[in-house]
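Structure first, then comments.
Order of listing sets the numbers, starting from 1, for every ligand and every atom in it.
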Amino acid sequence: MSAYEQYTQLRSKIAAYQLALATLHWDGATIAPKAGASYRAQKMGVLSGEMFSIMTDPSAIQILKDALEESLNDVQRKEIKQSLKNVLDIVNVPKETYIEFVTLQSEAEHIWEVAKSKNDYQMFKPYLSKLIEMTKIIVSFRDSKLDPYEQLLDDFEESMRSSDYDAFFNEVREKLVPFIQKVLNSEKPAPAFLSAYVSEDEQKKLIDYLAPVFDYSLDTGAIAKSVHPFSSHFSAHDNRVTVRYLTNQMTSSVFAFIHEVGHATYNGQVNPEFEGLTIAQSMTYGLHESQSRLFENLVGKSYAFWKPHYENVQNIVSVLKDVTIDEFIFGINYVEQSFIRVEADELTYPLHIMLRYELEKALFDGTLSVDDLPRVWNEKFKAYLNLDVLSDDHGVLQDVHWSGAAFGYFPTYALGSAYGAMFFEAMGHDLDVEAMLLNNDFKSIKAWLKENIHQYGGLYNGKELIEKVCKKPFSAHAYVEGLITKYSKLYQL
Ligand SMILES: [Zn+2]
């Protein structure tokens with residue numbers, strides 16, 4: 001038997017553990033009673049441990065190394081390289097150091113929760129300092145020449161360097177910061193329907209109406225309720241989403257649903273021959289987010305998308321009865337300064353990310369200390385969003401990411417929007433997207449995405465896929481110009 005065949009047998013075992021863990025996680029986040037949480041978590045720990053042992057066993061690592069010596073096609077080679085990287089990233093870390101790091105993360109996450117609720121940065125500060133220090137130590141065991149922060153950026157988005165992100169955010173800073181001030185200075189009032197009461201029943205009916213519009217079928221998916229919306233991949237023919245209903249924020253529920261359907265559609269359209277392999281789900285964070293943002297913002301917030309459905313939507317959601325479609329479109333794209341990243345609109349969102357990126361980078365290269373972090377956060381927030389942060393729970397303490405040592409993750413959120421804009425532009429060269437949406441034809445758009453992007457799964461990284469689809473290197477241009485054109489029109493600037 002070839003080493004690659006031995007690998008596929010091993011991989012089939014790991015995929016079984018992954019399916020079990022995904023199912024338990026889904027169950028826990030949706031319908032399982034809270035009382036069973038601790039037993040479930042314990043057994044999930046057992047399964048994760050077993051899976052870890054199979055992956056990191058020296059004989060398994062040898063199989064991967066042997067397979068690389070065989071003549072493999074591009075898909076097989078990428079598969080083996082990806083699996084080997086996943087293992088080698090962790091296997092050289094001494095066990096005690098790894099346990100210390102995992103323990104620190106779970107403690108820090110708990111402390112962060114308390115610190116946030118008490119608005120007490122000083123309480124979280126020593127943990128943040130230790131998390132940065134230990135992350136540097138963990139990364140130092142890698143067989144890599146990259147600086148720690150570059151390595152972290154690469155972990156979340158293969159081949160993206162701080163020089164790429166610097167160029168990207170420079171364009172965002174130079175063009176979007178002044179443009180956003182112009183939008184905000186126009187002082188247009190928020191349409192009332194945005195905060196009007198819409199019953200859970202009406203919101204559910206709207207989401208059930210929209211699912212087939214996006215060609216999201218319950219034969220290969222499911223929609224359940226959870227505290228935070230997410231999507232979950234089980235197999236090629238089983239990709240589920242969750243929703244939450246906020247009765248005074250209907251648009252939040254609806255667009256989170258569309259966002260998650262974007263993720264689920266991506267997973268569901270990967271080449272079925274990749275089923276069970278690592279590359280069926282190893283798309284980069286930025287690429288995955290590009291599809292959710294394309295669904296949510298570029299399709300879901302457009303006039304052409306809603307036009308053929310708006311009368312039906314008005315019949316489902318009673319507060320929209322007297323809202324014209326133009327008012328509706330303005331409302332779902334309404335720009336508002338917000339302290340909180342997850343509540344930010346499409347236009348101001350990248351500024352929240354830019355701020356975090358600049359701070360993370362400075363924390364890792366030593367030019368910023370954890371003592372000065374809240375002050376510098378607030379100064380940057382004032383410079384970019386013209387708001388005075390009055391308490392840290394609305395500032396530096398708002399996100400969970402740093403408490404879990406997820407440094408280098410944030411920039412992929414903005415990158416996803418920018419990739420999405422470039423893909424959308426490329427799609428426009430092949431299809432008349434607006435005419436298709438006006439004709440309630442999302443299927444053709446979905447087919448284009450499958451052909452050009454989704455089928456490849458994790459075969460290409462973001463830079464590679466952008467070059468392949470868009471025939472030019474990645475830049476912020478399409479994204480930034482797209483936003484300026486869209487919002488100039490909406491705000492008549
Ligand atoms: Zn997402």
(Q) When you measure from the Zn ion (ligand 1) to the N, O or S atoms of His288, does any of those distances fall below 2.8 Å? (A) no

(Q) Assess whether a salt bridge exists between Lys205 and Glu200, defined as any Lys/Arg side-chain N lying under 4.0 Å from an Asp/Glu carboxylate O. (A) no

(Q) If the test is salt bridge (charged side-chain N to carboxylate O under 4.0 Å, His left out), which one of Lys78, Lys81, Lys85 qualifies with Glu158? (A) Lys78

Q: With the Zn ion (ligand 1) at the centre, find the angle made by NE2 from His263 and NE2 from His259, to 10°.
A: 100°

Q.
Quick test of your reading of the model: are Glu467 and Lys472 salt-bridged, counting only N-O distances below 4.0 Å?
A. no

**Q.** Glu289: its N/O/S atom lying closest to the Zn ion (ligand 1) (atom name)
**A.** OE1

Q: Dump the intermediate steps for salt bridge (Lys or Arg N to Asp or Glu O under 4.0 Å) on Arg142 and Glu150, then the final yes or no.
A: CA-CA 13 Å; Arg142 303 275 190 91; Glu150 298 289 345; over 6 Å; no

